[in-house]
Peer 1: 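Have a look at the structure that comes next, please.
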2 protein chains.
Amino acid sequence: MIHSIPEPAIKRLSALYQLLCRLEKSGVQAISSKEIGERLDISAHTVRKDISYLREAQISGARYTVQKLKELIGRSLKFTTSRKACVVGLGKIGAAILNYSRFGGYGFDIVAGFDSNVNIVETLNADMDLFPSYMIPEVVTDRSIELAVLAVPADAAQLCADRLVKGGIKGIVNFSSALLTIDKKIAVSDVDVTKELRVLSAMISLADR
Amino acid sequence: MIHSIPEPAIKRLSALYQLLCRLEKSGVQAISSKEIGERLDISAHTVRKDISYLREAQISGARYTVQKLKELIGRSLKFTTSRKACVVGLGKIGAAILNYSRFGGYGFDIVAGFDSNVNIVETLNADMDLFPSYMIPEVVTDRSIELAVLAVPADAAQLCADRLVKGGIKGIVNFSSALLTIDKKIAVSDVDVTKELRVLSAMISLADR
DNA sequence: TCACAAATGTGAAAAAAATAACAGCTTAAG
DNA sequence: CTTAAGCTGTTATTTTTTTCACATTTGTGA
Ligand SMILES: NC(=O)c1ccc[n+]([C@@H]2O[C@H](COP(=O)([O-])OP(=O)(O)OC[C@H]3O[C@@H](n4cnc5c(N)ncnc54)[C@H](O)[C@@H]3O)[C@@H](O)[C@H]2O)c1
Ligand SMILES: NC(=O)c1ccc[n+]([C@@H]2O[C@H](COP(=O)([O-])OP(=O)(O)OC[C@H]3O[C@@H](n4cnc5c(N)ncnc54)[C@H](O)[C@@H]3O)[C@@H](O)[C@H]2O)c1
């Protein structure tokens, strides 16, 4: 059964999937757990254990076939079907992400952008449709958007998150430093540069005691 | 002794520090572990446990004094002294971070920017000095820069990281999807939006089985 | 064909982290 | 002053995650 893969394992398997995509493109046919471990900076034990959570053994004894392993992980973690995403807040960060062209190649399709500033909505040059912020619930529902990147100022984050939830969003990448109060069923990933810097700073301090 | 605080605890304490800064500004004097837990979405047990790693008890029985707790964490994790940082790669993401004005208030001082494109170095409008990429080692050393935000294309990331290391950098926030091969002593935090989306995608899939 | 070096898959052991339990202190109200 | 409710600090317990060990399988060269 596939339920209850430890969350750290899910993260490592996601990274492994990306590695396998790259290896496949560059024509590599097979790879061992040891080599994977070196690339991802984790132990070979962990690599094999993570793969074993997927409960679908490949041929034991032989190195992993890149293509087959990629398919196995993709199927298990549902990376196969492309998911629709949107960007909320089209300032510096939001606009950069909106126009980042490489998401498509990885199975994400940014189909809408939102901002409260009508001027931005009307003038920003983008390949997808842009809407004013109040239309979030409607558009998210109508277009079956599952993921959102939230790049608004901290004090607007909760309001926008609520609108996304109303529209039925399933996951949010939150760039603001606001801590969202949100239904547990919705997956949230916080990307706070200030916090990252602070954690690094602490680790540096504690490292050299 | 302060050594060996679990890494998850360091991250939570960093978040707590930020919360305490905000509370102090808005004039809150005291707060309980229960309230902290609600704000940070962790249990009150965990909050108290994390604080106990710092081995410097406040008055037991009374709620935490915001200011004192902030000072304790700041002193223990060395958030008190401001650290110098730089940005490498002044494209969309890099330029946004370079001009983000709020880092100063949190103890980070962005004192330099680097790009291989001389045109950008010369024309970009910024408050700090900008340099061509080959000068990274020299400038990092001379100005005692400890932290770097790396926002270059994936295929340039390793080269830039090596230059930063040569200059004596201590921590890197890496926005590219490249996996850096780097001395264990240097703290690295990867911020890969594509990977975040993928992890969210996996969690969504596994949640509704 | 056979032997052997090199892999994998997984149950078991160890380590790490989260959670709980509770003794003892604090504050506030009567 | 006394009591009761509420809170912290820390030890104990449980759960989660990582690491290990090894039986078993593959591919290769003589
Ligand atoms: N923009 C996004 O939404 C997004 C999303 C996911 C990941 N990323 C990643 O973040 C990184 C930055 O993204 P971006 O959109 O800002 O890219 P960008 O192309 O706008 O900017 C990259 C900058 O790096 C500079 N550069 C190239 N080689 C360099 C070198 N050797 N030394 C110094 N500078 C160099 C370029 O001149 C350019 O200014 C990339 O790795 C990208 O893949 C971006
Ligand atoms: N730029 C950085 O380097 C940086 C660093 C750390 C954190 N952040 C955080 O990331 C977030 C985005 O940063 P940015 O630099 O792109 O900010 P920005 O100010 O450039 O853009 C914010 C955008 O959000 C829009 N907005 C405001 N309220 C809105 C609402 N209710 N609905 C929809 N859109 C709304 C604004 O019109 C603006 O276009 C902020 O929370 C910021 O604090 C940014």
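Chain A is the first sequence line, chain B the second, and so forth, proteins listed ahead of strands; every chain is numbered from 1.
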Peer 1: Start with the C-alpha gap between B:Leu180 and B:Leu150, add the side-chain angles, then the distance that decides, and say whether side chain to side chain contact (heavy atoms under 4.5 Å, CB included) holds.
Peer 2: CA-CA 11 Å; B:Leu180 302 177; B:Leu150 189 55; 4.1 Å; yes
Peer 1: Is the backbone N or O of B:Asp192 less than 3.5 Å from a side-chain atom of B:Asp190, with the two atoms forming a donor-acceptor pair by type?
Peer 2: no
Peer 1: State which of D:dT19, C:dG9, C:dA17 makes the closest approach to the side chain of A:Ser43.
Peer 2: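 Among the listed nucleotides, the one closest to the side chain of A:Ser43 is D:dT19.
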Peer 1: Picking from C:dT8, D:dT8, C:dA18, which would you name as closest to the side chain of A:Ser32?
Peer 2: C:dT8
Peer 1: If you count every heavy atom of other residues, nucleotides or ligands that lies below 6.0 Å from B:Lys11 atom NZ, does the total exceed 12?
Peer 2: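 No, because the 6.0 Å sphere around NZ of B:Lys11 holds 12 heavy atoms or fewer from other groups.
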Peer 1: Which part of the nucleic acid does A:Lys34 contact within heavy-atom distance under 4.0 Å: base, sugar-phosphate only, or nothing?
Peer 2: nothing
Peer 1: For B:Ser60 and for A:His45, locate the closest nucleotide of DNA chain D by heavy-atom distance; then report the residue assigned to the nucleotide nearer the 5' terminus.
Peer 2: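 The answer here is B:Ser60.
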Peer 1: What's the CZ-C1' distance between A:Arg63 and C:dA5, to the nearest Å?
Peer 2: 14 Å
Peer 1: Go through D:dG9, D:dA21, C:dA7 for me and flag the one nearest to the A:Arg48 side chain.
Peer 2: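 Looking only at side-chain atoms, A:Arg48 lies closest to D:dA21.
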Peer 1: Of the options D:dG9, D:dT11, D:dT26, whose atoms approach the side-chain atoms of A:Ala62 most closely?
Peer 2: D:dT26
Peer 1: Find the distance A:Ile5:CD1 to C:dT10:P and express it as a whole number of Å.
Peer 2: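 Rounded to the whole Å, the gap is 13 Å.
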Peer 1: Please tell me which of the listed nucleotides, D:dT19, D:dG9, D:dC7, lies nearest to the side chain of A:Thr46?
Peer 2: D:dT19
Peer 1: Between B:Arg48 and B:Ser33, is there a side-chain donor-acceptor contact under 3.5 Å, judged purely by atom types and distance?
Peer 2: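 Per modelled atom types, B:Ser33 and B:Arg48 side chains form a pair under 3.5 Å.
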Peer 1: Measure NZ/B:Lys68 against C1'/D:dT8 and give the value in whole Å, please.
Peer 2: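 Spelled out: NZ on B:Lys68 to C1' on D:dT8 is 14 Å.
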Peer 1: Measure from CD1 on A:Ile51 to P on C:dG9 and round the result to the nearest Å.
Peer 2: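 It is 7 Å, rounded to the nearest whole Å.
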